[in-house]
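Okay, structure first, notes after.
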Amino acid sequence: MSDKPILRYTLGREERLKSRKKISALFAAGKVIPLPPFRLLYQIHPELPALQMGVAVSTRNFKKAVDRNRIKRLIREAYRLQKNELKNSLEQQQRGLSLFIIYTGKALPDYALVFEKTGKLLDALMKKTNEIPQ
RNA sequence: GAUGAUCGGCAGACUGUCGCUUCCUGAAAGGGAGGAGGAAAGUCCGGACAGCAUAGAGCAACGCACCCUGUGACAAGCGGGGGAUUGAUUCUUUCUUGGAAUCAAUACAGAAAGUGCCACAGAAAAUUACCGCCCGCCCCAUCGGGGCGGGCAAGGGUGAAAACGUGAGGUAAGGGCUCACGGUCGCAAUGGUAACAUUGUUGACGGGUAAACCUUGUGUGCUGAAAUGCCAUGUAAACUGUCGCUUGAGAACUGCUCGUUCAAUGACAGAGGGUAGGCAGAUUGAUCCCGGCGUGCAAAUGACGGGACAGAUAAAUGACGGUCGGCAGAUUUUGAAAAAGAUUUGUCAACAGAAUCCGGCUUAUUGUAGAUCAUUCAUA
RNA sequence: CGGGACGUGGCGCAGCCCGGUAGCGCACUUGUAUGGGGUGCAAGGGGUCGCUAGUUCGAAUCUAGUCGUCCCGA
């Protein structure tokens, strides 16, 4: 039996970005990785809640609340299944990261596309965090 | 049976893996139970609830408009019953007019308080007079024509609309001038809770428009969950200016005025600083559904019995599969055909996502069980 | 959650309050001046007044409903 805990694909309350202050800071000073039809905003900080994320879809592109909800759920689902590698890396380095995924496309995406693009975004983010020194 | 219209119910079911959220349980790990709609939408109305004074007065502003009644509901909305008007169908009657029944629709107070407007056409769009009809006088003079003064509103023509309508009498010609029938309004009586109806009438005859201003009646105090109360964090009972300290600055969330109340470790403004988190409000309430009983013409309602009801807050209710079932297509077997069975593929819908709650209205919309009505076909 | 504004030729706007003729600028077409173009001059075409009902003799205008676009409020 290993001491390592069983890897769980969770996305609970403490893993989501909920503070109004942090979101304002992220939008004011965060860096951007564009990958159409997505944009990723991120900001590295030394505090420990290792990884917190948020999702947004513009009302301008999707007038109906049903469509916005669906896109946000798809993004969260794809993120939930792929974020553990990044999280472990950050915990080893003892630093935190806030990130915000914005969907900028105008058509409803399907799950396969969202999954693939989210994976690429997280890979890119891994490289950036490793490049930036503590 | 088919087609169409209206009403109106449901919103595929069960399940695996990985997740989200609320509650319960547990020391913890974990376990258990619940988790979007008929419109959750638009925000077009009305409330509940909260604060401001116990919510006051007048003006202004805004809403509403046949009557009775039910609903949390005075008014509005919605439901029930009734009235009036309009339209359709059927029946009745001597053709019409009219009467009766059924169904449907109605933003159904007032144009006889006042003001405005009614293009073009037309003489005139509301104190009318172009062609015209009639009377008197004068002139030319053959019937007749012209001018002046006066009376008239029938006929012509215009228009969406023409001065109660039709007929008769009367008249110089005409005119509700008079009469008959009819219409509208007023008044009175009778019936009805009332809207209204019926009858009578030495009474009147005034075109339309109030979704033009307006008048009458009636309702509304204002603000709005970012309301409101509490806790936490933090500074500053600091600074500047103006006014005031009981003869009172100012405040009481209102467009104005008044009244009332509060008001002195003061009030307002400026600049500057802090927070932008949590709890309550807030999810079971005038709630909804079912049952028989009582009341009521009905809508509805009373007590009783049973059942149901999410609570997020950068915002949960999801992702990927499986089985059954429905629908559509293809292949194949049986069969003369209709049809039935098997295999397989696709699809599971449309409109759409709670944000304090409730009621109404409006709009969007898939498939299907059902009810009613109309048309048509078949059989008896 | 709560307020507010606007839809009129291809584009930007007026007309709406107080109802009868839809107009302005740019653009477009034709002609003309020029060797050709720009430019000037002259003439012309083009509008379901967002949509659906209603009021009225008559609606871009008044009323109701609806669709769309945009803005504001800690």
Side-chain angles (χ1 to χ4, degrees):
Chain A
M1 289 294 278
S2 148
D3 287 330
K4 194 178 165 187
I6 301 154
L7 209 107
R8 297 194 60 235
Y9 301 97
T10 58
L11 190 60
R13 192 162 285 171
E14 63 285 348
E15 292 182 78
R16 298 202 302 266
L17 194 56
K18 294 168 91 71
S19 161
R20 199 175 281 267
K21 259 179 145 178
K22 284 186 184 171
I23 294 166
S24 301
L26 180 59
F27 272 86
K31 296 181 180 171
V32 181
I33 301 176
L35 181 73
F38 296 94
R39 281 163 68 85
L40 190 144
L41 273 163
Y42 70 98
Q43 189 181 31
I44 297 169
H45 50 81
E47 287 101 38
L48 228 212
L51 192 58
Q52 288 188 312
M53 69 89 69
V55 188
V57 182
S58 170
T59 320
R60 205 162 293 242
N61 293 336
F62 294 94
K63 286 179 61 63
K64 292 169 186 167
V66 178
D67 296 337
R68 291 198 300 273
N69 279 347
R70 171 151 187 87
I71 292 165
K72 283 152 85 173
R73 282 165 180 164
L74 289 175
I75 294 171
R76 274 201 296 266
E77 181 70 12
Y79 173 84
R80 178 173 72 83
L81 296 172
Q82 299 181 81
K83 53 105 197 179
N84 273 343
E85 201 181 345
L86 179 63
K87 190 183 177 188
N88 288 337
S89 158
L90 285 164
E91 276 173 351
Q92 282 168 15
Q93 295 177 37
Q94 287 288 309
R95 52 177 176 170
L97 177 69
S98 300
L99 70 102
F100 215 89
I101 301 174
I102 302 165
Y103 185 78
T104 55
K106 300 205 170 168
L108 257 175
D110 62 346
Y111 180 65
L113 179 83
V114 174
F115 190 86
E116 183 205 330
K117 294 282 183 181
T118 311
K120 284 187 180 171
L121 278 172
L122 290 173
D123 284 347
L125 201 55
M126 273 286 272
K127 285 181 190 164
K128 296 262 183 187
T129 49
N130 290 330
E131 282 166 14
I132 297 170
Q134 296 197 1

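Side-chain atoms are counted along with the backbone in the values below, which use heavy atoms only and exclude waters and symmetry mates. Protein chains get the first letters and strands the later ones, always in sequence-line order, with residue 1 at the start of each.
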Task: Nucleotide-level pairing of RNA chain C, given in dot-bracket where Watson-Crick and G-U pairs need both distances under 3.5 Å and | marks other strands - done: (((((((..((((......[..)))).((((((.....)))))).....(((((..]....)))))))))))).
For [X], which residues count as a side-chain contact (heavy atoms from CB on, under 4.5 Å) partner, sequence neighbours excluded?
{"X": "A/L74", "answer": "A/R70, A/Y111, A/V114"}
{"X": "A/N69", "answer": "A/R73"}
{"X": "A/V66", "answer": "none"}
{"X": "A/K64", "answer": "A/D67"}

Does any nucleotide pair with [N] by Watson-Crick or G-U wobble geometry, both distances under 3.5 Å, and what is it?
{"N": "B/A113", "result": "none"}
{"N": "B/C187", "result": "B/G200"}
{"N": "B/A5", "result": "B/U372"}
{"N": "B/U331", "result": "B/A342"}
{"N": "B/C258", "result": "B/G56"}
{"N": "B/A238", "result": "none"}
{"N": "B/A227", "result": "none"}
{"N": "B/A27", "result": "none"}

TODO: Could you give me the CA-CA distance, side-chain angles and deciding distance for A/L81 and A/F115, then say whether side-chain contact (heavy atoms from CB on, under 4.5 Å) is met?
DONE: CA-CA 9 Å; A/L81 296 172; A/F115 190 86; 4.2 Å; yes
Task: Verdict with reasoning, A/T104 to A/F38, per side-chain contact (heavy atoms from CB on, under 4.5 Å) - done: CA-CA 6 Å; A/T104 55; A/F38 296 94; 5.9 Å; no
Take the protein atom [atom1] of [X] and the nucleotide atom [atom2] of [N], then report the distance between them rounded to whole Å.
{"X": "A/E15", "N": "B/C18", "atom1": "CD", "atom2": "P", "answer": "17 Å"}
{"X": "A/F62", "N": "B/A352", "atom1": "CZ", "atom2": "P", "answer": "14 Å"}
{"X": "A/K64", "N": "B/A39", "atom1": "NZ", "atom2": "C1'", "answer": "14 Å"}
{"X": "A/K83", "N": "B/C20", "atom1": "NZ", "atom2": "C1'", "answer": "13 Å"}
{"X": "A/L81", "N": "B/U17", "atom1": "CG", "atom2": "P", "answer": "16 Å"}

Can you tell me, in whole Å, how much space there is between the [atom1] of [N] and that of [M]?
{"N": "C/G12", "M": "B/U115", "atom1": "C1'", "value": "42 Å"}
{"N": "B/U345", "M": "B/A364", "atom1": "C1'", "value": "33 Å"}
{"N": "B/C279", "M": "B/U347", "atom1": "C1'", "value": "50 Å"}
{"N": "B/U228", "M": "B/A50", "atom1": "C1'", "value": "6 Å"}
{"N": "C/G31", "M": "C/C6", "atom1": "P", "value": "44 Å"}
{"N": "B/C74", "M": "B/U301", "atom1": "P", "value": "14 Å"}
{"N": "B/C78", "M": "B/U193", "atom1": "C1'", "value": "24 Å"}
{"N": "B/C68", "M": "B/A299", "atom1": "C1'", "value": "13 Å"}

Task: Proximity to RNA chain B (any heavy atom under 4.0 Å), residues of residues 114-122 of chain A only - done: none
Open item on the list: Does either side chain, that of A/Q43 or that of A/K31, offer a donor lying less than 3.5 Å from an acceptor on the other one?
Closed with: no
Please work out whether [N] sits syn or anti, treating a glycosidic angle within 90° of 0 as syn.
{"N": "B/G38", "result": "syn"}
{"N": "B/A160", "result": "anti"}
{"N": "C/G44", "result": "anti"}

Task: Sequence-aligned protein contact record of nucleotides 311-320 of chain B, with B where the base is within under 4.0 Å of a protein heavy atom and S where only the sugar-phosphate is - done: --SBSSBBSS
- [ ] Using the test salt bridge (charged side-chain N to carboxylate O under 4.0 Å, His left out), find all partners of A/E77 that sit at least two apart in sequence or belong to another chain.
- [x] A/R80
Task: Counterpart residues, salt bridge (charged side-chain N to carboxylate O under 4.0 Å, His left out), relative to A/K83 (two or more places apart) - done: A/E15
TODO: Please work out whether the ring planes of A/Y103 and A/F62 are parallel, tilted or perpendicular, with thresholds of 30° and 60°.
DONE: tilted
At a cut-off of 3.5 Å, list every protein nitrogen or oxygen paired with a nitrogen or oxygen from nucleotides 67-71 of chain C, distance to 0.1 Å.
residue, atom, partner, partner atom, Å
C/U69, OP2, A/K63, NZ, 3.4

Any donor-acceptor pair under 3.5 Å linking the side chain of [X] with the backbone of [Y]?
{"X": "A/R68", "Y": "A/T59", "result": "no"}
{"X": "A/S89", "Y": "A/E85", "result": "no"}
{"X": "A/T118", "Y": "A/Y79", "result": "no"}

Task: Set of residues satisfying ring-ring contact (aromatic ring centres under 6.0 Å, His included) with respect to A/F100, sequence neighbours excluded - done: A/F27
Open item on the list: Listing request: all side-chain hydrogen bond (donor to acceptor under 3.5 Å, both in side chains) pairs with a residue in residues 119-128 of chain A, at least two apart in sequence or in separate chains.
Closed with: A/E116-A/K120
- [ ] Take A/Q52 and A/R16, measure what side-chain contact (heavy atoms from CB on, under 4.5 Å) needs, and give me the verdict at the end.
- [x] CA-CA 5 Å; A/Q52 288 188 312; A/R16 298 202 302 266; over 6 Å; no
